[in-house]
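Here is the structure we will look at, set down as structure tokens.
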2 protein chains.
Amino acid sequence: MEADPVRSPIRVALEVCPVEVGIAVLGGTWKLTVVKHLLEGGTMRSGDLSRTVPQASQRTLTRQLRELEQDGVVHRRVYPEVPPRVEYSLTELGAGLADVVAAMNAWGRVYEAHLDGQNTA
Amino acid sequence: MEADPVRSPIRVALEVCPVEVGIAVLGGTWKLTVVKHLLEGGTMRSGDLSRTVPQASQRTLTRQLRELEQDGVVHRRVYPEVPPRVEYSLTELGAGLADVVAAMNAWGRVYEAHLDGQNTA
DNA sequence: CAGAATCCTCATAGATACTG
DNA sequence: CAGTATCTATGAGGATTCTG
């Protein structure tokens, strides 16, 4: 099986530090949000994702999904139908991001609380 | 006390999803690596950090540190000496990133193993 | 419905040289 | 030693239009 080529930001990250690999894979805007929703919602269609992340332009969302697919995090299934249907789901590797998502989510909330504390104090 | 203004990527992330906040704060190249080393090494001087992340240009490293400082993750202490001495350490908020670093690090290793598996299989 | 093609703008980051 | 200033290049991401 022909594996997808590893994107160059990831190759760089691999040489620097394992923590940078996650940043390289998830660094694009919305990527982690997409992963989070796929973790929660299982399989989702393109339109579902667009509605879930309305701030992302369609072009950007598509690109992010393609990169996540290339990086082995997301699986893309195309149904040969009219009108077309495409479903996205997490690979095993992608499902392994659950801990990352949880840690990020928790810290994000701490950060929010921190900001609120600054304003209220 | 006058709080640093919240950088715009973070403001956007706050409106989208808590997981994006972490990405917004740590998204710059080397940032998570810096945090990881500060977690391990405690206080570090600029030169220490430069040597720890030799791939980063000095200008970039300085900017990243300033942003981390602005975001409340890193504390910067300047000693009024000649030659100058500047020490960086994590704030409480920054120390809270330990779980994120651990999760990222673990997943980065899984990712490496995944790539190796592809080549070996 | 899903996405490709085109155009545009701004932020990021590197290299280099200089300063207190 | 730590940092700033300047210049440059790359690319990420948005808006819009078009197609099977």
Side-chain angles (χ1 to χ4, degrees), chain A residues 7-13 15-16 20 23-34 37-38 43-71 74-89, chain B residues 5-13 15-17 20 23-34 38 43-71 74-89:
Chain A
R7 291 188 302 121
S8 68
I10 299 182
R11 277 203 304 274
V12 172
E15 291 169 12
V16 176
E20 287 295 325
I23 294 291
V25 172
L26 304 169
T29 357
W30 326 118
K31 279 187 180 177
L32 235 204
T33 304
V34 165
H37 287 300
L38 287 177
T43 299
M44 296 181 79
R45 295 184 59 171
S46 302
D48 297 334
L49 288 169
S50 285
R51 265 166 261 119
T52 308
V53 197
Q55 300 92 338
S57 70
Q58 196 217 17
R59 175 186 177 280
T60 299
L61 187 57
T62 301
R63 282 198 53 192
Q64 309 290 43
L65 284 166
R66 288 298 156 83
E67 287 187 359
L68 288 172
E69 185 190 8
Q70 186 178 353
D71 294 344
V74 157
H75 177 67
R76 179 168 174 266
R77 178 168 182 187
V78 183
Y79 292 82
E81 303 173 355
V82 177
R85 176 158 60 122
V86 177
E87 288 183 348
Y88 292 94
S89 57
Chain B
V6 178
R7 291 186 303 122
S8 67
I10 298 181
R11 278 202 304 274
V12 172
E15 291 169 13
V16 178
C17 183
E20 288 294 325
I23 293 292
V25 172
L26 304 168
T29 359
W30 325 117
K31 279 186 180 176
L32 234 204
T33 305
V34 165
L38 287 177
T43 299
M44 296 181 78
R45 296 184 58 170
S46 302
D48 297 333
L49 287 170
S50 286
R51 264 165 262 118
T52 308
V53 197
Q55 300 92 338
S57 70
Q58 198 216 17
R59 177 186 177 278
T60 298
L61 188 57
T62 301
R63 283 202 51 193
Q64 309 291 43
L65 283 166
R66 287 296 156 81
E67 288 188 358
L68 287 172
E69 185 190 9
Q70 186 178 353
D71 296 343
V74 156
H75 177 68
R76 178 167 174 268
R77 179 168 182 184
V78 183
Y79 293 81
E81 303 174 353
V82 176
R85 176 158 60 123
V86 178
E87 288 182 349
Y88 292 94
S89 57

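Keep in mind it's a predicted model, so treat the numbers as computed, not measured. In what follows, chains carry the letters A, B, and so on, assigned in the order in which the sequence lines appear, proteins first and then strands, with residues in each chain numbered from 1.
- With hydrogens and angles ignored, the 3.5 Å screen pairs a side-chain donor or acceptor of B/Thr62 with a backbone N or O of B/Gln58.
- Side-chain proximity of A/Val86 to C/dA5, D/dG3, C/dA2: nearest is C/dA2.
- The side chain of B/Thr60 places an N or O atom within less than 4.0 Å of a non-bridging phosphate oxygen (OP1 or OP2) of C/dG14.
- Rounded to whole Å, the distance from CD on A/Glu81 to C1' on C/dA2 is 12 Å.
- Atoms CZ (A/Arg66) and C1' (C/dA5) sit 14 Å apart, rounded to a whole Å.
- Checking the phosphate oxygens (OP1, OP2) of C/dA2, a side-chain nitrogen or oxygen of A/Arg45 falls inside 4.0 Å.
- Look at CG on B/Leu68: it is 15 Å from C1' on C/dT12, rounded to the nearest Å.
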#### Entry: Stepwise salt bridge (Lys or Arg N to Asp or Glu O under 4.0 Å) test for A/Asp48 and A/Arg51
CA-CA 5 Å; A/Asp48 297 334; A/Arg51 265 166 261 119; 3.3 Å; yes

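- With hydrogens and angles ignored, a donor-acceptor pair under 3.5 angstrom links the side chain of A/Arg59 to the base of C/dT6.
- Annotation for B/Arg76: atom CZ counts as buried by contact number, over 12 foreign heavy atoms lying within 6.0 Å.
- Distance from the side chain of A/Ser57 is smallest for D/dA15 among the nucleotides C/dA13, D/dA15, C/dA2.
- Rounded to whole angstrom, the span from the CZ atom of B/Arg51 across to the C1' atom of D/dA2 amounts to 12 Å.
- The residue among A/Pro83 and A/Gly27 whose nearest nucleotide of DNA chain D is located toward the 5' end is A/Gly27.
- If you check C/dA13, D/dC1, C/dA17 against the side chain of B/Gln64, the one that comes closest is C/dA13.
- Each of C/dA17, C/dT12, D/dG13 was ranked by its minimum atom distance to the side chain of B/Arg63; first place goes to C/dT12.
- When each of D/dC1, C/dG14, C/dA13 is scored by its nearest atom to the side-chain atoms of B/Pro84, the top-ranked nucleotide is D/dC1.
- For the pair A/Arg85 CZ and C/dA2 C1', the interatomic distance rounds to 13 Å; values are reported in whole Å.
- Taking atom CG on A/Leu65 and atom C1' on C/dA4, their separation rounds to 15 Å, with Å as the unit.
- Within the 4.0 Å cut-off from OP1 or OP2 of D/dG3, at least one side-chain nitrogen or oxygen of B/Arg76 is found.
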### Message
Quick one, B/Glu67 with B/Lys31, criterion salt bridge (Lys or Arg N to Asp or Glu O under 4.0 Å). Give me CA distance, side-chain angles, the key distance, then yes/no.
### Response
CA-CA 9 Å; B/Glu67 288 188 358; B/Lys31 279 186 180 176; 2.6 Å; yes

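- Residue A/Thr29 places at least one side-chain N or O under 4.0 Å from the OP1 or OP2 atom of D/dG13.
- The closest donor-acceptor contact from the side chain of A/Gln64 to the backbone of A/Thr29 lies under 3.5 Å.
- Put simply, CD on B/Glu67 is 6 Å from P on C/dT12, counting in whole angstrom units.
- Backbone-only contact: A/Tyr88 has heavy atoms under 4.0 Å from sugar-phosphate atoms and none from a base.
- As rounded to whole Å, 9 Å separates atom P of C/dA13 from atom CH2 of B/Trp30.
- Taking side-chain N and O atoms only, B/Ser46 has a distance below 4.0 Å to OP1 or OP2 of D/dG3.
- Between the side chain of B/Asp71 and the backbone N or O of B/Leu68, no donor-acceptor pair lies under 3.5 Å.
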